There are 2 protein chains.
Amino acid sequence: MSIRDLARHLDISIGTVSRALNGKSDVNPETRERVLVAAKKLGYVPNQSGRSLRQGTTNTIGFMIESTIESADSGGNFFMPVFEGVQSVFRRHHLDLVALLCGTDEDPATYLNRVVGRRFVDGLIISATTRNDPRISFLLERKIPFVALGRSATRGSYPWIDLDFEGVAATAVARLVHFGHRRIAIGVPASDINLGYVFQDGYKRALKMSGIHFDPELVLRAHSNEEGGYQVASGMLAQKQMPTAVILVNENMAIGLYRRFYEAGIHPGRDVAVVGFRESTQSRFLSPTLTCFRISLRDLGIKLAEALLSTMPAFMSNYPQGRIELVWPMELVPGESDRLWRGT
Amino acid sequence: MSIRDLARHLDISIGTVSRALNGKSDVNPETRERVLVAAKKLGYVPNQSGRSLRQGTTNTIGFMIESTIESADSGGNFFMPVFEGVQSVFRRHHLDLVALLCGTDEDPATYLNRVVGRRFVDGLIISATTRNDPRISFLLERKIPFVALGRSATRGSYPWIDLDFEGVAATAVARLVHFGHRRIAIGVPASDINLGYVFQDGYKRALKMSGIHFDPELVLRAHSNEEGGYQVASGMLAQKQMPTAVILVNENMAIGLYRRFYEAGIHPGRDVAVVGFRESTQSRFLSPTLTCFRISLRDLGIKLAEALLSTMPAFMSNYPQGRIELVWPMELVPGESDRLWRGT
DNA sequence: CTGAAAGCGCTAACAT
DNA sequence: ATGTTAGCGCTTTCAG
């Protein structure tokens, strides 16, 4: 069922059919109606390859997610609601969102090169930006519209949105210091992902503001998952003088951390103060309740979509906000896990 | 940078370039080398739309996941490792996997119609099959290669793989009966998703085998997430005579269920027996440890990919296994949550 | 308002 | 072993 078949069926030219379907003005309303009805009846849908080849656009946006080993089974939690938000914006512009799944055994830059070269998508959302991210320079060079979810030290002018890791660090440290803590540990990703640096910098700055000396021993590196949290707790327990508090920078870590502490008879909120990262469906069911930070992932997705569209010539008139470089605030959700000395 | 540019640059015809790049035999090894080198140097990647239009294939497989409201933030956990497995197979055939994100506000069938009509993908993996799934009849009718992750009552002959819900029900019931339970509740999805029916049927059959009368009151419907588990526990607590055991059919439910029971002073493994569904990174950190079932999602993904490829003319010679209709076994992982009367 | 035709990038059939 | 060319399905001039 090609446009040719449809035209033949209606006994008009394919040009007219095309114009009718694409809402061009110079077509008889009656003809248009006939075309629309026939298209629906016969289940005609234009072949995307044909359109793309002619127009040079695919009407598809790619959201590149790496299922890294460390986040293989937890990353999905985060992205689904983000997708939902992105999609709600794209829908209005007849853009489809596809998740580009870069396997763990493929280099992200190579993968991206293939996707871009094939002209598979009109624009990209990349995530898990590293400190120095070759994808960014590549996309800038190739002039492919994109937005980064996550900052990077890579030079250049491009839109990005990132979570407020330094804000989380500042708020958490200030809060813990206020509660009397001085030995505050942090659990950060072991990888080169940029958020680890941002968070750690914020942490150091916050310590300085509170007049606390930075102790490298208190920086515990682990995978950003439950297992990693378990190890962070183990690391704390192993220190000659255990830190009295810990701040995590990944939502999944709290689960494992709680577990390890329970095994050691240490109760969060009684024996140790814990500040988690993102409030999640899982963390919400921890006991005692976890002090953490709330973020609307759907709204984040919406903003990501807008940031991307505002850089795409075909859509920028709808989103005249200029290049978006945004640190997304997170809202403290006080729980019981960081209020010590109150009994259980 | 089109094939034309590349040919011009090398001062040979585009036909030869194409053949060289596609590994055809009738091309001078020396010429091929020149072409490959130049392509790499200039960063040439064939335009997928051009290829697709010509060949009628896109070399892309779509994995359709619905971010339904109830599984919006937890579903990702399940799929990521599956993707990983699928991809490991596709890689060998130069097929790319993309996740097709059907938004919550779009009808899955409509979405599928669009994707298929546009010829966006060569094949499809669909998930979350419903009891009666219009997508299946649609794909059969259009002769689009696909495999369903999940069974359906929809008639027709198509490959599918599904988890062994009835096996889980049988094993769990038998185990609980062995431990002396008679009032065994189940927590099942409130939606029309097929697994709910399969599981419930298996449950009834297992009860009958143990000579236990089926009590509709013991079937608790809830969303397949943490909140749903919380509600299942609430439902149990509300019964005049609380069931002594419960079997869940979703991995996320256990988290909320545990929480609700703790709030009520009820300890899983002491006051009530709990059998969870899939062992997950989260459930592994529950305390007391959850009796649940293990499955290798990566292997599941591999099998899904093979099931799909075995129905695609271009690949079936590599996968001569015929149509796959497979109930995927799950392995019991005994925990402490269903062994009562042992004290804590 | 509609039809005719060019051409997007590519591959495959055919010619040399 | 290489060059030439038709045509995949579509949109968009350009004529009329």
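It should be emphasised that the depicted structure is a prediction, and the values quoted were computed from it without experimental measurement. The chains referred to below are lettered A, B, ... by the order of the sequence lines, with proteins before strands, and numbering in each begins at 1.
- A salt bridge (charged side-chain N to carboxylate O under 4.0 Å, His left out) check over residues 138-149 of chain A, counting only residues at least two apart or in different chains, returns nothing.
- Listed by chain and residue number, nothing satisfies the ring pair (Phe, Tyr, Trp, His ring centres under 6.0 Å) test with B:Tyr44 (two or more places apart in sequence, or in another chain).
- Ionic pairing of B:Arg135 and B:Asp133 is present here: one or more N-O contacts between side-chain nitrogen and carboxylate oxygen are shorter than 4.0 angstrom.
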Protein proximity profile, nucleotides 11-16 of chain D - base contact B, sugar-phosphate-only contact S, no contact -, cut-off 4.0 Å on heavy atoms: BBB---
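- Within the 4.0 angstrom heavy-atom criterion, only backbone atoms of the sugar-phosphate kind lie near B:Thr31; the bases stay farther away.
- The nucleotide range of DNA chain C contacted by chain A, defined by atoms under 4.0 angstrom from heavy atoms of the protein and reported 5' to 3', is C:dC1 to C:dG9.
- Rounded to 10°, the angle separating the first-five-pair axis and the last-five-pair axis of the helix from C:dC1-D:dG16 to C:dT16-D:dA1 equals 50°.
- Residues passing the side-chain contact (heavy atoms from CB on, under 4.5 Å) test with B:Asn194 are B:Thr129, B:Arg131, B:Arg151, B:Tyr197, B:Val198, sequence neighbours excluded.
- Residue pairs meeting the ring pair (Phe, Tyr, Trp, His ring centres under 6.0 Å) criterion with at least one partner in residues 102-135 of chain B, sequence neighbours excluded, are A:Phe120-B:Phe120.
- For the pair B:Leu53 and B:Arg32, both in contact range of DNA chain D, the more 5′-proximal nearest nucleotide belongs to B:Arg32.
- Judged as a salt bridge (charged side-chain N to carboxylate O under 4.0 Å, His left out), the pairs with a partner in residues 90-107 of chain A (not counting sequence neighbours) are, in order, A:Arg91-B:Asp105, A:Arg91-B:Glu106, A:Asp96-B:Arg114, A:Asp96-B:Arg118, A:Asp105-B:Arg91, A:Glu106-A:Arg114, A:Glu106-B:Arg91.
- Applying the salt bridge (charged side-chain N to carboxylate O under 4.0 Å, His left out) definition to pairs two or more places apart or across chains, none involves residues 33-61 of chain B.
- Partners of A:Ser13 under the side-chain contact (heavy atoms from CB on, under 4.5 Å) rule, at least two apart in sequence or in another chain, are A:Thr16.
- For A:Leu53, the side-chain contact (heavy atoms from CB on, under 4.5 Å) partners two or more places apart in sequence, or in a different chain, are B:Ser49, B:Leu53.
- Partners of B:Tyr319 by ring pair (Phe, Tyr, Trp, His ring centres under 6.0 Å), not counting sequence neighbours, listed by chain and number: B:His93.
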